[in-house]
Number of protein chains: 2
Amino acid sequence: MPPAMDPGNTPEDKQVENDGAETAKVKTLADLGRIAGVTAGTVSRALAGSELVSKRTRERILALASEHGFQLNQIASKLRSKRTGMIGVVIPLGHERSQHISDPFFMTLLGHLADEITERGYSIVLERAIPEEKPDWLDRICGSGMVDGVILIGQSDQFETIERVAATYRPLVAWGSYHVGQRHCAVGTDNRAGGALAARRLLAGGSKRLAFLGETTGVEIAERFAGVRDVAEQVGASLLHLPCHMSFELMTGELEGLLTQQGERFDGIVAASDLIAMTALKILHGQGKQVPSDVQVIGYDDLPLATQTMPPLTTIRQDISGGAREIVQRLQSAIAGGDIASLVMAPSLIERETTRRSA
Amino acid sequence: MPPAMDPGNTPEDKQVENDGAETAKVKTLADLGRIAGVTAGTVSRALAGSELVSKRTRERILALASEHGFQLNQIASKLRSKRTGMIGVVIPLGHERSQHISDPFFMTLLGHLADEITERGYSIVLERAIPEEKPDWLDRICGSGMVDGVILIGQSDQFETIERVAATYRPLVAWGSYHVGQRHCAVGTDNRAGGALAARRLLAGGSKRLAFLGETTGVEIAERFAGVRDVAEQVGASLLHLPCHMSFELMTGELEGLLTQQGERFDGIVAASDLIAMTALKILHGQGKQVPSDVQVIGYDDLPLATQTMPPLTTIRQDISGGAREIVQRLQSAIAGGDIASLVMAPSLIERETTRRSA
DNA sequence: CGGAAAAATTCAATCGATTGCATAAATATC
DNA sequence: GATATTTATGCAATCGATTGAATTTTTCCG
């Protein structure tokens, strides 16, 4: 019985076939072909827009497809065509289990990657890997057949593993450091140069005793520290290393302790991240120290929140969205079979108000 | 020619078979079966740990598998078994194209979801949907056959679409508002109650003229505003709505304008998010206004960064990790065929230092 | 040692879309 | 109007793992 007072044809009205029989949902190409009076092969070509099928049938099939809300089974499609259209994005939580996946730098990078990847018509398979628990984490992901390529958000302390896998698996790009001779493609900034940039700025602003805030277990942070050390040694300034975790929750308590105990031993801070810098600002403020007149502070990353600290944070900028674009570009060309080279971008100093005007 | 001075057997040395022939990589169950002298079927069962295959062969196959670094083709496996082991996590960017995927609240939720999902042995397919461009965004994801279930991080302005899809697609859970009678399962906090909580706290602290910061295009924010309005009307306090974008980059300029122009018309602020509150704090500070003595400020969400503002932010807490757990739990039971109910959690007030001690 | 029962393995169909090749239908050419 | 040519569609193998049923091998017991 047709509905008596149907208020117009809404798109939802499609469970009853016009021949009067209730039809099961059209799930496969064969189902759709049966309705259209052709075989699955033809339907497949029609949906792909192939010129091999006549315009008339193609349009008929397309109409039927949308009428029945037909959806191609992606799994079957991917199996046959051997192109998954998916890219694995992996966050290795190596040296710091506690480093939660929601680390703002990684998340910002992930956001930009997501934009780039989506715009190129790929999907994202997000993986959170804990190498300590599964040493074959990267092999699993690369060999699963699920993804056309893999992006690593950071190398953590897994340099060796990445090198090993990259020897045979090509479509792999990591955000992170580049070392001469390495096999895997890395896109990142020159962390040593960034550290040096920060140190020089502090010295130019009149600081004599530097402190570096953040643990150096990860390669990238270690290099930032090395950059600071290079400059400090060169000019004979003192340098204090105050290791703390990268995660918001853990660093606060640690830093409170460290900055109070060691408070007299520095007058210029390079923080391993903007987050650390922000926390340090807060603590220094609580101690009644003036920034930048008593202590200068420089952050690292230039996340959006660096503009919102009080005072606004001077920081070493990494071009995250540019980096994301380069990563995806390289990955795509590797997937296409090309050879890809690493990229080391130059960091830049963003001067705000936690450093003193230089002489 | 064998390497002359191989320094021990590294795990990489496995491209040469012991029968002397260079063997191609073992890619399929059949390949592995050939080596082990059994059929693909047996290998399949062996790898699955089935009791149907004898312990001896099972162990032999397992050994060969790890020796050759065999990886099951997940696509084929998923096609056959009709269980993908993947969960779609979708961020609908509806009412605010500019609302970047890296919104800290969503990212924090995503982080917790990722933890929960990974721990239950699922993978994550991350999708960034722009409903304005593709009205069938949700149908595509649900019907793709790629995922066993779908989680929506926020409902944006897509309530209707979600309801329509949820009518036939059951394993779907959204973070967001619940309205009596809705079909889809939502997990979220009571935003109206949260808004009311904030407003009452401001009034108790002595504010008489309230302002709400943030645009109300999304349901959830609209409800927070409604909660504030309820209370304001009840006690006859004035309420000013100052709409601004949710994204860090855009809100700053907008708020600077608004807070300067309308600065005399309020002495208590409810911000739609901690981010907005943080930005407001910064601007108020620049205007020389004291928080909380001149103006009280309450944020929303209780993100980790709320503890790091100056002064530390009083805010309405949403239990993000608890919410993530509930979402995944519900989704999993829906995947198993169960019926699931929505959950409205109570928000709570976290008192820090941007509100005055109440009388 | 023979035959039944139990255990281990093989066989073959299946999941659903894709695609080269074969065939049928429509159009062109003389 | 008959043949050559183009165009459209059907057919069937394929991607690789899974699984019920069939078959082979092993074990058990009188």
Side-chain angles (χ1 to χ4, degrees), chain A residues 24-62 64-65 68-86 121 123 140 142-148, chain B residues 24-62 64-65 68-86 121 123 140 142-148:
Chain A
K25 187 137 175 34
V26 181
K27 294 236 69 161
T28 73
L29 287 184
D31 293 346
L32 191 52
R34 212 166 297 124
I35 298 175
V38 294
T39 59
T42 304
V43 178
S44 174
R45 285 187 254 257
L47 294 178
S50 160
E51 291 293 331
L52 282 174
V53 36
S54 75
K55 199 175 164 203
R56 221 164 57 83
T57 30
R58 199 185 331 148
E59 282 171 357
R60 181 160 44 93
I61 291 172
L62 252 38
L64 282 167
H68 289 82
F70 176 78
Q71 298 273 119
L72 205 56
N73 182 314
Q74 293 297 324
I75 296 269
S77 168
K78 290 173 194 326
L79 172 61
R80 176 60 223 247
S81 60
K82 302 198 140 193
R83 242 198 99 264
T84 72
M86 302 198 291
S123 300
R140 293 171 91 95
C142 296
S144 67
M146 286 298 301
V147 294
D148 291 338
Chain B
K25 186 135 174 37
V26 181
K27 296 236 67 164
T28 73
L29 286 183
D31 294 346
L32 192 54
R34 212 165 297 124
I35 298 175
V38 294
T39 58
T42 304
V43 178
S44 174
R45 284 188 251 257
L47 294 177
S50 160
E51 290 294 332
L52 282 172
V53 36
S54 74
K55 199 176 165 206
R56 220 164 58 83
T57 29
R58 201 190 322 153
E59 281 170 359
R60 180 160 44 93
I61 290 172
L62 251 38
L64 281 166
H68 289 81
F70 176 78
Q71 298 273 119
L72 206 57
N73 182 314
Q74 293 297 325
I75 296 269
S77 167
K78 291 173 194 327
L79 171 61
R80 177 57 226 248
S81 60
K82 302 198 140 193
R83 245 198 97 262
T84 71
M86 302 198 290
S123 301
R140 293 172 92 94
C142 296
S144 66
M146 287 297 301
V147 294
D148 291 339

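Naming: A, B, ... by sequence-line order, numbering from 1 per chain. None of the values given here were measured: they were computed from a predicted structure.
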Could you tell me how far apart A:L47 (CG) and D:dT9 (P) are, to the nearest whole angstrom? 14 Å
Which distance, rounded to the nearest 0.5 Å, do you find between the CG of A:L64 and the CZ of A:F70? 11.5 Å
Among B:L72, B:V53, B:L32, side-chain contact (heavy atoms from CB on, under 4.5 Å) partner for B:V43: B:L32
Atom-to-atom span, CG of B:L52 to C1' of D:dT24 - whole angstrom: 15 Å
Toward the 5' end of DNA chain C, which comes first, B:V38 or A:F70, by nearest nucleotide? B:V38
From CZ of A:R56 over to C1' of C:dA25, roughly how many Å is that when rounded to an integer? 13 Å
If I take atom CZ from residue B:R58 and atom CG from residue B:L47, how far apart are they, to the nearest 0.5 angstrom? 11.0 Å
It should be established whether B:S81 places a side-chain nitrogen or oxygen under 4.0 Å from OP1 or OP2 of nucleotide C:dC15. no
Does a side-chain N or O of A:S44 approach OP1 or OP2 of C:dT18 to a distance below 4.0 Å, or not? yes
A:I61 atom CD1 is separated from C:dT18 atom P, nearest whole Å, by 13 Å
To the nearest angstrom, the CG-P distance between B:L79 and D:dA17 comes to 12 Å
Got a donor-acceptor pair under 3.5 Å from the side chain of A:R45 to the base of C:dG20? yes
Using OP1 and OP2 only, check whether a side-chain N or O of A:K82 sits under 4.0 Å from D:dT14. no
Could you grab the distance from atom NZ of A:K78 to atom OG of A:S123, nearest 0.5 Å is fine? 6.0 Å
Starting at atom CG of B:L29, determine the distance to atom P of C:dA12, rounded to an integer number of angstrom. 18 Å
Can you figure out which of C:dG16, C:dA8, D:dA17 approaches the side chain of A:R80 most closely? C:dG16
Does A:K55 make a side-chain N or O approach to OP1 or OP2 of D:dT7 shorter than 4.0 Å? no
Sugar-phosphate, base or nothing in reach of A:G33, heavy atoms under 4.0 Å: nothing
Among all residues two or more places apart in sequence or in another chain, which pass the salt bridge (Lys or Arg N to Asp or Glu O under 4.0 Å) test with A:R60? none
Heavy atoms only, 4.0 Å cut-off, all strands: where does B:I75 land among base, sugar-phosphate and nothing? nothing
Should B:S77 be listed as having a side-chain N or O under 4.0 Å from OP1 or OP2 of D:dT18? yes
Are any of A:T39's side-chain N or O atoms less than 4.0 Å away from OP1 or OP2 of D:dT9? no
Send over the distance from B:R58 CZ to C:dA7 C1', rounded to a whole Å. 13 Å
Just how far, in rounded Å, is P of C:dG16 from CZ of A:R34? 11 Å
Interatomic distance, CD@B:E51 vs CZ@B:R45, rounded to 0.5 Å, equals 13.0 Å
Contact class for A:K78 vs. all strands (heavy atom < 4.0 Å): base, sugar-phosphate, or nothing? nothing
May I ask you to say what B:T42 touches in the nucleic acid, namely base, sugar-phosphate or nothing, with a heavy-atom cut-off under 4.0 Å? base
A:A76 or A:R60, whichever maps to the more 5' nucleotide of DNA chain D: A:R60
